[in-house]
*Asks:* 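My structure is below; once you've seen it, I'll send some questions.
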Protein chains: 2
Amino acid sequence: MTPPKRYSRQREKILEAVRTATVHPTAEMVYETVREEIPNLSLGTVYRNLNLLTEEGKISEVVLEDNIKRYDGNTDDHYHCICESCGRIFDVSLDAEPLVNELAEQIRDFTIDSHKIEFYGHCENCSE
Amino acid sequence: MTPPKRYSRQREKILEAVRTATVHPTAEMVYETVREEIPNLSLGTVYRNLNLLTEEGKISEVVLEDNIKRYDGNTDDHYHCICESCGRIFDVSLDAEPLVNELAEQIRDFTIDSHKIEFYGHCENCSE
DNA sequence: TTGAGTGCAAACTATTTGCAACTGG
DNA sequence: CCAGTTGCAAATAGTTTGCACTCAA
């Protein structure tokens with residue numbers, strides 16, 4: 001079903017770029033970063049690998065209202081805080097299980113597999 | 001600052017279409033619906049008005065991982081359940097305030113204005 | 001009358017894809 | 001060698017925008 005996979009330097013560097021990024025990068029940002037090491041890298045390859053890595057669960061997508069996909073190399077359970085001023089996305093680890101379960105009990109006619117929580121507001125830099 | 005606004009039948013029908021839709025429609029779906037009443041409606045007008053109505057807070061955008069904007073005419077506080085089989089989005093009203101506040105207390109260096117919760121899973125039709 | 005709103009088409013942006021060349025196993 | 005992967009460019013898909021025309025106020 002799923003095609004076998006081979007090593008590729010491009011894929012390795014793309015994964016590394018997402019994992020080590022200090023922000024949640026877009027495909028374009030990953031492209032620019034990896035291109036410093038692999039100058040003839042193509043954007044198509046970046047997209048192909050980001051999708052592949054997402055399917056494999058090695059990274060995940062974050063979609064905000066601007067319709068641009070951003071990628072997250074943090075595979076631990078966590079939530080996001082989105083600053084409405086600078087647009088940056090911050091990871092937060094919260095033990096939300098018990099609270100979410102409590103909410104889930106109120107939901108009928110739907111089987112919940114997973115959930116997502118996003119907080120919108122302002123980061124420290126943009127507050128004040 | 002904000003330009004004054006005039007009545008337009010297009011805008012009225014577009015708002016009505018979003019409000020009465022049984023699903024959370026895409027711009028394309030709104031276009032098809034309203035076109036039954038206003039045959040020479042243009043897609044550009046639909047996009048312009050959906051953006052305008054969103055800015056006014058009369059409807060809201062829902063963005064999933066497929067990067068297609070869907071619109072929600074329900075302006076009450078509520079959350080979404082997304083069926084991973086059929087892709088449909090269901091509204092759920094939950095009193096999550098106390099729980100969310102509890103979570104919010106764990107968050108540092110970020111001022112929360114609002115939040116969003118999405119549940120992924122399977123709807124009644126797609127379960128089984 | 002006049003500027004907000006529209007229809008139409010062209011322009012944009014993000015992403016995907018076809019294909020020949022390349023490469024890891 | 002051979003199928004997975006790449007680079008490149010062309011193609012999509014969703015959305016935005018410029019412009020002349022229309023219409024609400």
Side-chain angles (χ1 to χ4, degrees), chain A residues 1-18 21 23-56 58-72 87 89, chain B residues 1-18 21 23-56 58-72 87 89:
Chain A
M1 217 76 283
T2 320
K5 283 225 318 302
R6 283 204 309 218
Y7 168 83
S8 98
R9 195 159 88 91
Q10 284 83 340
R11 181 151 55 238
E12 178 183 49
K13 294 298 180 186
I14 287 168
L15 175 55
E16 185 184 310
V18 175
V23 297
H24 293 69
T26 60
E28 196 67 41
M29 292 161 88
V30 171
Y31 174 59
E32 293 304 339
T33 302
V34 178
R35 211 145 65 110
E36 288 169 17
E37 288 193 78
I38 307 178
N40 67 333
L41 175 71
S42 99
L43 195 48
T45 295
V46 173
Y47 277 107
R48 270 187 291 238
N49 281 298
L50 287 174
N51 285 338
L52 207 151
L53 292 166
T54 300
E55 278 167 36
E56 292 180 348
K58 293 186 180 165
I59 62 177
S60 63
E61 298 177 344
V62 189
V63 183
L64 306 185
E65 318 248 293
D66 61 0
N67 268 25
I68 298 176
K69 284 184 185 169
R70 288 150 205 287
Y71 294 88
D72 190 340
I89 304 170
Chain B
M1 218 77 285
T2 320
K5 284 227 315 301
R6 284 204 306 217
Y7 169 83
S8 99
R9 196 161 87 91
Q10 284 82 341
R11 182 152 53 239
E12 179 183 50
K13 293 298 179 186
I14 286 168
L15 175 54
E16 185 184 309
V18 174
V23 297
H24 293 70
T26 60
E28 196 67 41
M29 291 161 90
V30 171
Y31 174 58
E32 293 303 339
T33 301
V34 178
R35 210 144 65 111
E36 287 170 16
E37 288 193 79
I38 307 177
N40 65 333
L41 175 71
S42 100
L43 194 48
T45 295
V46 173
Y47 277 107
R48 270 187 293 238
N49 281 300
L50 287 174
N51 286 337
L52 206 151
L53 293 166
T54 300
E55 278 167 34
E56 292 179 348
K58 292 185 181 165
I59 61 176
S60 63
E61 297 178 345
V62 189
V63 183
L64 307 185
E65 319 248 292
D66 61 0
N67 267 26
I68 298 176
K69 284 184 184 168
R70 287 151 204 285
Y71 294 87
D72 189 341
I89 303 170

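Predicted model, so just to flag it, every value in this text is computed and none were measured. Any value given below was found using the heavy atoms of this structure, including those in side chains, with hydrogens, waters and symmetry copies removed. The sequence lines fix the lettering, A, B, ..., with proteins before strands; numbering per chain opens at 1.
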*Asks:* Show the numbers, then the answer: is there a salt bridge (charged side-chain N to carboxylate O under 4.0 Å, His left out) between B:Arg9 and B:Glu12?
*Replies:* CA-CA 5 Å; B:Arg9 196 161 87 91; B:Glu12 179 183 50; over 6 Å; no
*Asks:* Just the rounded figure in Å: distance from P of C:dG5 to CG of B:Leu41.
*Replies:* 15 Å
*Asks:* May I have the distance from A:Arg9 (atom CZ) to D:dG4 (atom C1'), rounded to whole angstrom?
*Replies:* 18 Å
*Asks:* May I have the distance from B:Arg35 (atom CZ) to C:dT6 (atom P), rounded to whole angstrom?
*Replies:* 16 Å
*Asks:* Check this one for me: any side-chain N or O of B:Gln10 less than 4.0 Å away from OP1 or OP2 of C:dG7?
*Replies:* yes
*Asks:* For A:Tyr31 and D:dT6, give me the distance from atom OH to atom C1', rounded to whole Å.
*Replies:* 13 Å
*Asks:* With no hydrogens and no angle check, is any side-chain donor or acceptor of A:Thr45 less than 3.5 Å from a backbone partner on A:Leu41?
*Replies:* no
*Asks:* Looking at A:Arg11 and A:Arg6, would you say the former's side chain and the latter's main chain have a donor-acceptor pair under 3.5 Å?
*Replies:* yes
*Asks:* Expressed in angstrom and rounded to an integer, what is the separation of A:Ile38 atom CD1 from C:dC22 atom C1'?
*Replies:* 14 Å
*Asks:* Can you list everything that forms a side chain to side chain donor-acceptor pair (under 3.5 Å) with B:Glu65? Sequence neighbours excluded, please.
*Replies:* A:Lys116
*Asks:* Would the distance check show the side chain of B:His24 and the main-chain N or O of B:Ile89 forming a donor-acceptor pair, the cut-off being under 3.5 Å?
*Replies:* yes
*Asks:* Is A:Thr26 close to A:Lys69 at the side-chain level, that is, under 4.5 Å between some pair of heavy atoms?
*Replies:* no
*Asks:* What one-letter contact string describes nucleotides 20-25 of chain D from 5' to 3', where B marks a base within less than 4.0 Å of any protein heavy atom, S marks contact via sugar-phosphate atoms alone, and - marks no contact?
*Replies:* ---BBS
*Asks:* For the atom pair OG (A:Ser8) and CG (A:Leu52), what is the distance rounded to the nearest 0.5 Å?
*Replies:* 9.0 Å
*Asks:* Supply the atom-to-atom distance A:Asn40 CG to A:Arg35 CZ, rounded to the nearest 0.5 angstrom.
*Replies:* 10.0 Å
*Asks:* Does A:Asp72 reach the main-chain N or O of A:Glu61 with its side chain, forming a donor-acceptor pair under 3.5 Å?
*Replies:* no
*Asks:* Round to the nearest Å and state the distance from B:Leu52 atom CG to C:dG5 atom P.
*Replies:* 7 Å
*Asks:* May I have the distance from B:Leu50 (atom CG) to C:dT6 (atom P), rounded to whole angstrom?
*Replies:* 11 Å
*Asks:* Rounded off to whole Å, could you give me the CG-to-P distance for the A:Asn49 and D:dT5 pair?
*Replies:* 8 Å
*Asks:* Classify every nucleotide of nucleotides 9-20 of chain C by which part a protein heavy atom approaches to under 4.0 Å, writing B for the base, S for the sugar-phosphate alone and - for neither, in 5'-to-3' order.
*Replies:* -----SBBBB--
